[in-house]
Amino acid sequence: MTNASSEQSSLELSHRLAALRQQLDEAGYRYYVLDDPSLPDADYDRLMRELEAIERAHPEWVTADSPSQRVGSKVVGGFPEVRHAVPMLSLNNAFEQEGADDRARYAEVADFVRRIETTLDRRQPEFSVEPKLDGLAISLRYLDGLFIGGATRGDGETGEDVTGNLRTIRSIPLKLRGTGWPRLLEVRGEVVMLRRDFEQFNARALKAGDKLLANPRNGAAGSLRQLDPAVTAHRKLSFFAYAVGQVEDGALPSTHSATLQQLRAWGFPVSPEVATARGFEGLLAYFRRIGEVRDQLPYDIDGVVYKLDDYVGQQAMGFVARAPRWAIAHKFPAQEQSTRVQAIEIQIGRTGAATPVARLEPVSVGGVVVTNATLHNADQVARLDVRVGDSVIVRRAGDVIPEVVRVIPGQRPEDAHPWSMPSHCPVCGSALLREDGAAAWRCSGGLFCPAQRKEALIHFASRRAMDIEGLGERFVDALVEFDYVKTPADLYRLSLDDLLAMKQQADMRDGSTPETVKAGKIATRWAEKLLEGIDASRQTSLARFLFALGIMHIGSNTAKTLADWLGSLEQIRLQPDLVLRVLPDVGTEVAASIAGFFQQAGNQDVVDRLLEAGIEFADESTPDPRLRQRLDLAALLNGAHIAKLGPKSVELLLRHFPTLEAIEAGGYNHWLAAGVPAAAASALEAVLADPARRQVLSNAEQAMRALLAAIPAAAQVENLPLQGQSFVLTGTLQAMSRDLAKEKLEALGAKVAGSVSRKTSVLVAGEAAGSKLDKANELGVDVWDEAKLLACLAEHGISA
DNA sequence: ATACCTCGAGTTCG
DNA sequence: CTCGAGGTAT
């Protein structure tokens, strides 16, 4: 066998180099990609060492594609390989299963415990229990208390020597503390990137325009395999010890938990969550406890690990294949899963928004079976380039809502073609249109579109709107489909017979079953309940009613603003947009939307019919006196956005001409005399010359005067105790729902907002409060717990 | 004009 | 919960 000795000619060496590279490439490919090794490991190592020797002698020959230069998933290079003296085993996994009780759901854990109990003839054996950190397993070796090197787990038999990088991790002791360590000690544990460090890294990368890390785990793995330790040093990694490997000339305690204590004493970080537990019940309690605090831990974990605590017992249990019989990893349901896109369909929302939704092959993500995932809008589909037939990664974002994270490359069927938004609504066939610059495509069918009618009704009946009990999606579907209900007003004209007839039609279509025929009496019961629910909803509040109408841009908050300031439906439904503009939080768009809604004859008709049907508001009142300060001709003119006519000019103008009539009578020259700039005066002249625009202004003025006249003369303003305070609610409250707490706080004059900012006075944090609590702490906002909230309410005479 | 603050709208599954 | 966009303060 040749080697890179100096006597050899350059030419021979370069040929040898090429041959080595080819051989190693091929062998590496078969080994790592095909999983079908063609060359014994030892031979591979020998060839690689020869290649490296030649390259060291001739650095000018080193090319980026040389097998020696590989970094990453396919071929290990750059780092020497190390054989673990004691193999780093893998653990058997236990996952949650379908089942009626704990023993069935966690059968794998139950079996694990039972096997130990029978084999060792012990009851309620003691376990050392610990969180299973989601990072990179490594082994550290210490000789006479000094760190001499470390390696990744690799395949368990052989890992990569990443000593240089491990030295940069501050939590890995380079020298052991205390006394009594064995001459040779191998400590095993997990290298992780703490969430805090991960977020910091990504925040910085985002600013610098660098690539972001996908998750902390990738951050740890990628950083540890950097060839340049200086790079690793810049990524903050942490280490937590969880086991001992090789030991020579020394002794350890007789249990695993005591060993961990010993490791702590020697200077190793050990997760504070490690504990001991007895028997199946004990393990399960630990699993649940960790599951609850999982989000608050500084690192990502993907489960917990149970280890039989005493080493004698471990030895007696032995191994199956490559996993110990004395330990098991109890995994949380996976948060990310891969699945296939069966179809991409369009959903039409209440406002006509067309949302693409991926229909997925059912897959369990984070404990629930996911079959749908939103794709948000056409841009998002294009960005991800999701196609029907693709394999995709699905994740439950923010704990609840499934989303498609990315497409798995290389698994796309050949006939897959890019997805595009259809040109027409799949429900009613109207054109789908997109406004300039907007992200959403909308069905142009309006209430002609059954999908929009349906969604509008569901919204109308929803809890925060009219709160009609018994009217869920199912019934709305049928009511709309068989044309019993076209508008919300139709709901109040339904009779028992209508509902029963509808039910019959629905059954016929679905294929009537003997059961439904027999169940005639039960069918009557639900119909009666629904009618009761509809009847009860007749008593409501003005804000709820306005919200229920589903006017664009009018959510529950703006609805409340309208109700509070204008007092009655009659005042609201007649106001031109220029008057509405003066209300807080109402600008051009919102005002135009409200006025536009009530200008449509169809909508007016629906509202009239609802009132005729007996809708009553418990809380109608007179317009708010504060309107006096906000509502004057200046406000109207400013709101009209007449070019060049700014607030200054308006003020000058109105000083001399207090009414629209007076302004008109004055005329151009007198406006100039009042100090109004020529450009503004011409613009005003042009507006008044246009009959349509003149009409708008005069209507607004008239409406304004009528409104002012409706304000009671001597209104005493009572000062509420929490007036001017802004609250935010988060987490789960025990005594009442957040909605109810909001109502009670508002009754005391407080504002209840949805998110925390500097302006927030108090954050009320219930159980399991999340990001809002962090933000409040960051901004130094007062934080109350539920008890304090209840005390505050009680103090002002409101009970829970 | 810009930066911040809010609100509205859409979303899944049990 | 998150995103986008409307409203307001600077």
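All chains are named by letter (A, B, ...) in the order of the sequence lines, taking the proteins before the strands, and each is independently numbered beginning at 1.
Here the straight-line distance linking atom NZ of A:K751 with atom NZ of A:K742 works out to 9.5 Å at 0.5 Å rounding. Summarising the geometry, atom CH2 belonging to A:W419 is positioned 6.5 Å from atom CD1 belonging to A:I344; distances are rounded to the nearest 0.5 Å. With values rounded to the nearest 0.5 angstrom, A:N557 atom CG is found 11.0 Å from A:L562 atom CG. Atoms CG and CZ, from A:D102 and A:R288 in turn, are 4.0 Å apart once rounded to the nearest 0.5 Å.
One can place NE2 of A:H459 at 10 Å from C1' of B:dA9, the figure rounded to the nearest angstrom. Put simply, CZ on A:R359 is 8 Å from P on B:dT12, counting in whole angstrom units. Atom-to-atom, CZ of A:F597 to P of B:dG8 comes out at 16 Å; the value is rounded to the nearest Å. Between the CZ atom of A:R464 and the P atom of B:dC7 there is a distance of 11 Å, rounded to whole Å. Protein atom CG of A:N638 is 16 Å distant from nucleotide atom C1' of C:dG7, rounded to whole Å. The distance between atom CD of A:E455 and atom C1' of B:dA9, rounded to the nearest whole Å, is 12 Å. Put simply, CG on A:L546 is 15 Å from C1' on B:dG8, counting in whole angstrom units. Atom CD in A:Q347 sits about 13 Å away from atom C1' in B:dC13, given to the nearest Å.
When distances are taken from the side chain of A:R758 to each of B:dT12, B:dC5, C:dG6, the shortest belongs to B:dC5. Side-chain proximity of A:K751 to B:dC7, B:dC13, C:dG6: nearest is B:dC7. Residue A:N557 places its side chain closer to B:dG8 than to any other of B:dT12, C:dT8, B:dG8. Of the candidates B:dC5, B:dT12, C:dG6, B:dC5 carries the atom nearest the A:K759 side chain, counting heavy atoms from C-beta on. Closest to the A:V370 side chain, of the nucleotides B:dC13, B:dG10, C:dG6, is B:dC13. Set against C:dG6, C:dT8, B:dT12, the side chain of A:E589 has C:dG6 as its closest nucleotide. Taking the side chain of A:V590 as heavy atoms from C-beta on, and the options B:dA9, C:dG7, B:dC7, the nearest nucleotide is C:dG7. Of the candidate nucleotides B:dG8, B:dT6, B:dA9, B:dT6 has the atom lying nearest to any side-chain atom of A:S755. Comparing B:dT12, B:dG10, B:dT6 against the side chain of A:A353 picks out B:dG10 as the nearest. Nearest nucleotide to the A:T351 side chain, out of B:dG10, C:dT8, B:dT6: B:dG10.
When each of A:T371 and A:R350 is assigned the nucleotide of DNA chain B bearing its nearest heavy atom, the one mapping closer to the 5' terminus is A:R350.
Between A:T355 and the phosphate of B:dT11, there is a side-chain N or O to OP1/OP2 separation shorter than 4.0 Å. Of the side-chain N and O atoms in A:T374, none sit less than 4.0 angstrom from OP1 or OP2 of B:dT12.
By the 4.0 Å N-to-carboxylate-O rule, A:E469 lies too far from A:K529 to be salt-bridged with it.
The nearest pair of heavy atoms linking A:V388 to A:A343 is CG2-CA, 4.1 Å.
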